[in-house]
Amino acid sequence: MRSSLLKSTSELLRRSRGYSSSANPERKVAILGAAGGIGQPLALLMKLNPLVSSLSLYDIAGTVGVAADVSHINSPALVKGFMGDDQLGEALEGSDVVIIPAGVPRKPGMTRDDLFNINAGIVKALSTAIAKHCPNALVNMISNPVNSTVPIAAEVFKKAGTYDEKKLFGVTTLDVVRAKTFYAGKAGVPVTEVNVPVVGGHAGITILPLFSQATPASNSLSQEDILALTKRTQDGGTEVVEAKAGKGSATLSMAYAGAVFADACLKGLNGVPDIVECSFVQSTVTELPFFASKVRLGRNGVEEVLGLGELSDFEKKGLENLKGELKGSIEKGIKFAHGN
């Protein structure tokens, strides 16, 4: 699940004047919430991605300035900014990938569920527009709580008759990014070589990093170390919120993670083989209707939802413990979609 995003970006910068993307098909990416704390750095990273030929930036306000700023970067993607409800359809038309970081951020003392009432309404409205204007796009959901917003989007798409379970993703990549970073630091291995699957959901105890499957394997970690790494991965968002002392949440690392996952989706669409990332998708891996696990990406989105593999006793317990909370969050999203 290593991404070549940074390598691609550096190659692009080195070859800025002579770069040609003629070998790749034209791809349009839309970012909904592009003027926000996640949206702006995400727009920057997607502008640098050589697989993007058209970058559509949408928000309720402030997008014109963000688009003007990003458009000056000498990379191939053509940038357009859109603002307000009346321009949402144009922003979405023809999109191959739609990334949704829209919504309010977490503040100290807030859980992801505290964000629900505001962000759920935003996601429902945006999903309705996606169903109308780009029903075949891959949808990358970042807006929290992902455990509920993905089911909301699914229900909206079902009502519109456009739902394709292969094309709706909850972006849990930040959990993977954190698990890799924390594991590498504790195990003393090069972080760029680390791979750690993270399964379950995208909030608190529903986040289950499978350190028993981490590569390269380490024999130096005790059970206490694994427990501490798991807890830190689960609480990574809170760690950033508290460190920013009320002035923001995990925006930069989330933008990076969102760009990594979008890059993987684009590679899959373009037919690059063996693209595997963890994502929160419709699943039969457990009895829950949605679940995060490793997913093979391809020309149609999800090519295969991969199983959990062999779990340690600690991970088996964690899996059982997370199911109740995750089930409740999924049902909350479905109920909202039908009741509002």
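Along the sequence shown, the residues carry numbers beginning at 1.
When side chains are defined from C-beta on, Ile100 does not count as touching Asn140, because their heavy atoms never get closer than 4.5 Å. At least one side-chain heavy atom of Glu277 sits less than 4.5 Å from a side-chain heavy atom of Val260. Contact annotation: the side chain of Leu269 never approaches that of Arg299 to less than 4.5 Å [non-hydrogen atoms, C-beta and beyond]. Contact check for Leu306 versus Val295: no side-chain heavy atoms found under the 4.5 Å cut-off. Side-chain contact between Gln282 and Val305: absent, with no pair of heavy atoms (C-beta onward) separated by less than 4.5 Å. Using a 4.5 Å cut-off on side-chain heavy atoms (C-beta onward), Ile226 and Tyr183 make no contact. Counting heavy atoms from C-beta outward, Glu325 and Ile205 have side chains that approach closer than 4.5 Å. For the pair Val176 and Pro197, the minimum side-chain heavy-atom distance is 4.5 Å or more.
Salt bridge annotation for Glu287-Lys323: present, with a cationic side-chain nitrogen under 4.0 angstrom from a carboxylate oxygen. For Glu239 and Arg232, the salt-bridge test passes: some basic side-chain N is under 4.0 Å from an acidic carboxylate O. Looking at Lys317 and Asp313, no side-chain N of the basic residue comes within less than 4.0 Å of a carboxylate O on the acidic one, giving no salt bridge.
Checked against a 6.0 Å centroid threshold, the rings of Phe314 and Phe211 do not count as neighbours.
Scanning both residues, Met46 and Ala262, for their nearest heavy atoms gives CE-CB, 3.8 Å. Considering all non-hydrogen atoms of both residues, Pro101 and Ile38 come closest at CB-CG2, 3.8 Å. Nearest heavy-atom pair across Ala43 and Leu55 is O-CD2, 3.5 Å. Between Val191 and Thr181, the closest heavy-atom pair is CG2-CA, 3.9 Å. In terms of heavy-atom proximity, Ile275 sits nearest to Ala264 at CG2-O, 3.5 Å. Shortest non-hydrogen contact noted between Gly170 and Val146 is CA-CG1, 3.8 Å.
Legend: ring pair (Phe, Tyr, Trp, His ring centres under 6.0 Å) pairs involving residues 257-278, not counting sequence neighbours, sorted by first then second residue: Phe169-Phe261.
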### Message
Assess the residue pair Leu208 and Val198 against the criterion (side-chain contact (heavy atoms from CB on, under 4.5 Å)); give the C-alpha distance rounded to whole Å, side-chain angles, the decisive distance to 0.1 Å, and a yes or no.
### Response
CA-CA 5 Å; Leu208 183 61; Val198 181; 5.8 Å; no
### Message
Show, in sequence, the C-alpha distance, side-chain angles and deciding distance for Lys167 and Val139, and conclude whether the side-chain contact (heavy atoms from CB on, under 4.5 Å) test is met.
### Response
CA-CA 6 Å; Lys167 296 185 177 183; Val139 178; over 6 Å; no
### Message
One pair to check against side-chain contact (heavy atoms from CB on, under 4.5 Å): Lys47 and Val52. What are the steps and the verdict?
### Response
CA-CA 7 Å; Lys47 176 68 167 98; Val52 179; over 6 Å; no
### Task
Before giving the answer on side-chain hydrogen bond (donor to acceptor under 3.5 Å, both in side chains), spell out for Asn147 and Thr206 the whole-Å C-alpha distance, their side-chain angles and the decisive distance to 0.1 Å.
CA-CA 9 Å; Asn147 293 351; Thr206 71; 3.2 Å; yes
### Query
Does the side-chain contact (heavy atoms from CB on, under 4.5 Å) test come out yes or no for Val29 and Leu266, once each step is laid out?
CA-CA 9 Å; Val29 174; Leu266 290 166; 4.2 Å; yes
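In the hydrophobic cluster analysis, where Ile, Leu, Val, Met, Phe, Trp and Tyr join through side-chain heavy atoms closer than 4.5 angstrom, Leu252 is grouped apart from Leu57. Hydrophobic cluster membership is shared by Val302 and Ile99, with clusters built from Ile, Leu, Val, Met, Phe, Trp and Tyr side chains linked at under 4.5 angstrom. Val196 and Leu227 fall within the same hydrophobic cluster, where Ile, Leu, Val, Met, Phe, Trp and Tyr residues are linked whenever their side-chain heavy atoms come under 4.5 Å apart, directly or through other members. Follow the hydrophobic side-chain contacts under 4.5 Å out from Val79 and you never reach Val64; the two are in separate clusters. In the hydrophobic clustering of ILVMFWY residues, with side-chain heavy atoms under 4.5 Å counting as a link, Met83 and Val98 come out apart.
A side-chain donor-acceptor contact under 3.5 Å links Gln213 to the backbone of Leu308. The main-chain N or O of Val281 is never found under 3.5 Å from a side-chain atom of Ser279 such that the two would form a donor-acceptor pair. Of the possible donor and acceptor atoms, one in the side chain of Ser218 sits under 3.5 Å from a partner among the backbone N and O of Ser220. Here the side chain of Ser293 pairs no donor or acceptor atom with the backbone of Gly307 at under 3.5 angstrom. In this structure, the side chain of Gln234 engages the main chain of Ile207 through a donor-acceptor pair within 3.5 Å. Between the side chain of Ser148 and the backbone N or O of Lys332, no donor-acceptor pair lies under 3.5 Å. Using a distance-only test at 3.5 Å, with no hydrogens or angles considered, no donor-acceptor pair links the side chain of Thr215 to the main chain of Ala217.
Asp225 and Ser222 share a side-chain donor-acceptor pair at under 3.5 Å. With hydrogens and angles left out, the side-chain atoms of Ser212 and Glu315 include a donor and acceptor closer than 3.5 Å.
Around CD of Glu90, the count of heavy atoms belonging to other residues, nucleotides or ligands within 6.0 Å does not exceed 12. By the neighbour-count criterion of 12 heavy atoms within 6.0 Å, atom CG of Leu319 is densely surrounded, having more than that number from other residues, nucleotides or ligands. Summarising the local packing, CG of Asp86 is surrounded by more than 12 heavy atoms from other residues, nucleotides or ligands at distances under 6.0 Å.
Looking at residues two or more places apart in sequence or on another chain, you find a side chain to side chain contact (heavy atoms under 4.5 Å, CB included) between Val240 and Arg178, Lys244, Ala250. Scored by the side chain to side chain donor-acceptor pair (under 3.5 Å) test, Arg27 finds Asp96, Asn270 as partners (sequence neighbours excluded). With sequence neighbours excluded, the residues that form a side chain to side chain contact (heavy atoms under 4.5 Å, CB included) with Ala91 are Ser56, Tyr58, Phe82. Scored by the side chain to side chain contact (heavy atoms under 4.5 Å, CB included) test, Glu331 finds Lys327 as partners (sequence neighbours excluded). Looking at residues two or more places apart in sequence or on another chain, you find a side chain to side chain contact (heavy atoms under 4.5 Å, CB included) between Lys158 and Glu155, Tyr163.
Distance CG/Leu32 to CD1/Ile142: 10.5 Å, rounded to 0.5 Å. The NZ atom of Lys28 lies 8.0 Å from the SG atom of Cys134; values are rounded to the nearest 0.5 Å. Atom CG of Leu126 sits about 6.5 Å away from atom CD1 of Ile130, to the nearest 0.5 Å. From Glu320, atom CD reaches atom OG1 of Thr286 across 9.0 Å, with rounding to the nearest 0.5 Å. Here the CG atom belonging to Asn49 is positioned 11.5 Å from the CG atom belonging to Leu44, to the nearest 0.5 angstrom. A distance of 12.0 Å separates NZ of Lys80 from OG of Ser71, quoted to the nearest 0.5 Å.
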